[in-house]
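Here the structure is a predicted model, which is why all the values come from computation and not from measurement. Just follow the structure's listing: the first ligand is 1, and inside any ligand the first atom is 1.
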Amino acid sequence: MKYLPGLFSNNRRWAAEQIATDNRYFERLRNIQRPEYLWIGCSDSRVPANTIIGLAPGEVFVHRNVSNIVLPGDVNCLSVIQYAVEVLQVAHIIVCGHYRCGGVRAAMGPALTGPIEGWLAPLRKLCLEHDAELDAIDTPLERWDRLCELNVAAQVHTLARLPVLRAAWGRGQALTVHGWIYDLSDGLLRDLDVCAECPPALG
Ligand code: CO
């Protein structure tokens with residue numbers, strides 16, 4: 001093994017452990033993919049979806065990007081959502097942000113260079129839309145955390161208006177969109193109570 005031998009040895013150990021507890025583990029996994037959940041989270045290495053919700057491979061379909069943003073023009077994210085809703089027929093879409101998100105902080109600061117600036121544009125807009133509420137918060141850390149929450153709520157709002165979701169609800173498919181936030185300091189998730197389980201009124 002020329003490159004990254006440690007990762008390959010981790011992998012061999014992990015595969016052997018799965019087989020040791022269930023010798024048909026990979027055979028079963030290969031033949032089914034029926035996750036109940038789509039997770040849309042931040043790429044941050046400290047927020048691994050399966051680990052923090054205690055789910056095994058096969059149990060959660062995952063899309064991650066910087067600051068868990070859902071853009072109606074992002075074919076990558078939209079394709080994941082379409083596949084999850086129409087083919088896998090997930091029952092729940094979880095948008096999970098996290099406090100102290102670096103992307104969210106960057107969107108509160110000076111302009112950056114390169115593609116990240118374009119990516120964070122919706123967050124800068126969100127910041128402006130909520131400037132009165134954010135300005136009223138005393139400390140920069142609390143302002144940052146609040147924008148992390150507002151970002152999750154905004155993504156739930158966007159998701160609930162996507163044609164793929166409207167069509168699913170129109171067919172009577174049971175589908176709920178949840179907005180959660182993860183706290184890096186204690187490892188706990190919190191439901192932000194911004195869920196959507198039916199198409200919002202137009203407008
Ligand atoms: Co983040």
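Legend: side-chain hydrogen bond (donor to acceptor under 3.5 Å, both in side chains) pairs involving residues 100-110, not counting sequence neighbours, sorted by first then second residue: R100-D145.
Under a hydrophobic clustering in which Ile, Leu, Val, Met, Phe, Trp and Tyr are joined whenever their side-chain heavy atoms come within less than 4.5 Å, directly or via other members, I94 and L184 fall into the same cluster.
Listed by chain and residue number, H92 satisfy the ring pair (Phe, Tyr, Trp, His ring centres under 6.0 Å) test with Y37 (two or more places apart in sequence, or in another chain). Partners of Y25 by ring pair (Phe, Tyr, Trp, His ring centres under 6.0 Å), not counting sequence neighbours: none found.
Excluding waters, the set of protein N/O/S atoms under 2.8 Å from the Co ion (ligand 1) reads C42 SG, H98 NE2, C101 SG.
Ion pair E149/R190 flagged as a salt bridge, since at least one NZ, NE, NH1 or NH2 atom sits closer than 4.0 Å to an Asp/Glu carboxylate oxygen.
No more than 12 heavy-atom neighbours from other residues, nucleotides or ligands sit within 6.0 angstrom of CD on E197.
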